[in-house]
2 protein chains.
Amino acid sequence: MNKCDQCIVRQLSSLKALNKEEVVKLANSKTTHKIKKGEAIFEEGEVTNGVFCVKDGIGKLSKLSANGKDQIVKLVKSGELLGQRSMISNEPANLSAKAIADMEVCFIPKSEIIHFFNNNNQFSMNLMQSVCEDLKDSENDKIALVQKTVKQRLAETLLHLHDAFGENADKTLKVQLTREELAGMIGTATESCIRLLSDFNKLELIELTGKKIVLKNVKALKKLAEQL
Amino acid sequence: MNKCDQCIVRQLSSLKALNKEEVVKLANSKTTHKIKKGEAIFEEGEVTNGVFCVKDGIGKLSKLSANGKDQIVKLVKSGELLGQRSMISNEPANLSAKAIADMEVCFIPKSEIIHFFNNNNQFSMNLMQSVCEDLKDSENDKIALVQKTVKQRLAETLLHLHDAFGENADKTLKVQLTREELAGMIGTATESCIRLLSDFNKLELIELTGKKIVLKNVKALKKLAEQL
DNA sequence: CTATAACTATGACATTTATCATGTTAGAGT
DNA sequence: ACTCTAACATGATAAATGTCATAGTTATAG
């Protein structure tokens, strides 16, 4: 069993507030899991009874619609927690969590989290703040969906991916999404997304080499994302 | 000063977890305000330094876009808290809160809320759950915005208004929104909203008498809202 | 009780975006 | 290396929705 006190991830999540004793308790109750790209951590409707802490890799939270499209609500990376919302609300998961790149996650049982929540004010405040952050993001996304065009949302999303996940040595975006997934993030049809990427490519806002994407003109993308 | 222990509202919000002593403390620090229809409780960007508890009336949380449209994120009624998110995140308000019907609200300073949060596990859990509930709603709204047509969203919103706010003796919806506000809720142009309301009227799904709306065929509206 | 503004309504049209069809390319597995 | 499948790409078209124009209607202040 990995010792949690050496896990860098702990520094990033709400768990950073835990004291030595609590970390030991955590290490004894958590279980570690490897999730391959494409596999699910949990599915919509499942009762998880705990939270997952992302140690490595990238995951997506999404919901399948009646017409078969997968709307991506959020991407998660190292240091983030998954499943807090439904755990706190005592509800089955509202969204599915799947790996976009191979992941390593730790499962922490509900009883532990509740215990920390009730006994460590800093932890409960951290957890609260992370949910509040999600709420703010979600509200802003909602507004963007209504007030911005698909083109603007694509520009915005590319910038966000760059910001949140960074780039490789060759300047390509680190997150590797299929066009379909990217379309699912911005809420549009796959074809529309592909078309706009081509447009951006022609306008030299981005560069497409295979499925790798390089942001060539961040300033222009920003302008595009902002402007009315 | 009103005594909080007699306030029915307290039974509805996270504040229901407070004990006798805490309620006294609350009563001594809160201030009560009357907000006229159309007036703001707080505006986007303001630092509120506390939360507002809605005692009576109906308010909207919204964000003004560059093109002058007001996107409504949520309606709030008696028993709900306003401004928790930005208070917890230590940020200026992300949204404006305005009265849609004359309101009475109590302002509770941040220091009180934090004190309760740190000393009353049931309160902090309640508060957490209410934010989680908001998050879930927001995520579902987001998905609906992408996956449903304007027509479906209008049907859904009418049902939600009926559900959440109820009807008057004459069966008309209790919340009285302008067409512009309703459009702002479903994320569409005012004209489109008006047009669809007319359609619904012709199809006898609803009845329009002036700006009052009666849901005539709830079943059909539900079907419309759900179906692909 | 009128004047004036705000709200509601509807038509005509433009634009955006989805859908369908079809072809190409790239990557995984044998 | 060769297939086979999934992913990418693009054109043609249709559908949904936004925008602009204009007019009727209601509410409200003076």
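A note on names: the letters A, B, ... follow the listed sequences, proteins ahead of strands, and every chain is numbered from 1. Heavy-atom basis, side chains included; hydrogens, waters and symmetry copies ignored.
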* Carboxylate-amine/guanidinium proximity below 4.0 Å for A/K142 and B/D141 -> yes

* To do: Give me the one residue out of B/E44, B/K63, B/E43 that meets side-chain contact (heavy atoms from CB on, under 4.5 Å) with B/L95.
  => B/K63

* Asked: For DNA chain C, whose closest nucleotide is more 5', that of A/T188 or that of A/K211?
  -> A/T188

* Which word best sums up how the rings of A/F52 and A/F107 line up, parallel for under 30°, tilted for 30 to 60°, or perpendicular for over 60°? -> tilted

* State whether the number of non-hydrogen atoms from other residues, nucleotides or ligands found under 6.0 Å of B/E180 atom CD is greater than 12. => no

* Crowded around A/K151 NZ? As in, over 12 foreign heavy atoms under 6.0 Å? -> no

* **Over 12 non-hydrogen atoms of neighbours within 6.0 angstrom of CD in A/E204** => no

* Does A/I194 offer a backbone N or O that forms a donor-acceptor pair with the side chain of A/R179 under 3.5 Å? -> no

* **Where chain A begins and ends its contact with DNA chain C, read 5' to 3' at 4.0 Å from heavy atoms** => C/dT17 to C/dC20

* **Side chains of A/H33 and A/E104, donor plus acceptor under 3.5 Å** => no

* Asked: Taking any atom under 4.0 angstrom from a heavy atom of chain B, which nucleotides of DNA chain D are the first and last to qualify, 5' to 3'?
  -> D/dT17 to D/dC20

* Check every strand shown and say whether A/T190 touches a base, only sugar-phosphate, or nothing at a heavy-atom separation below 4.0 Å. => nothing

* 5'-most contact on DNA chain C: A/G187 or A/G210, nearest heavy atom basis? -> A/G187

* To do: On DNA chain D, check which nucleotide each of B/K37 and B/R195 is closest to and give me the residue with the more 5' one.
  => B/R195

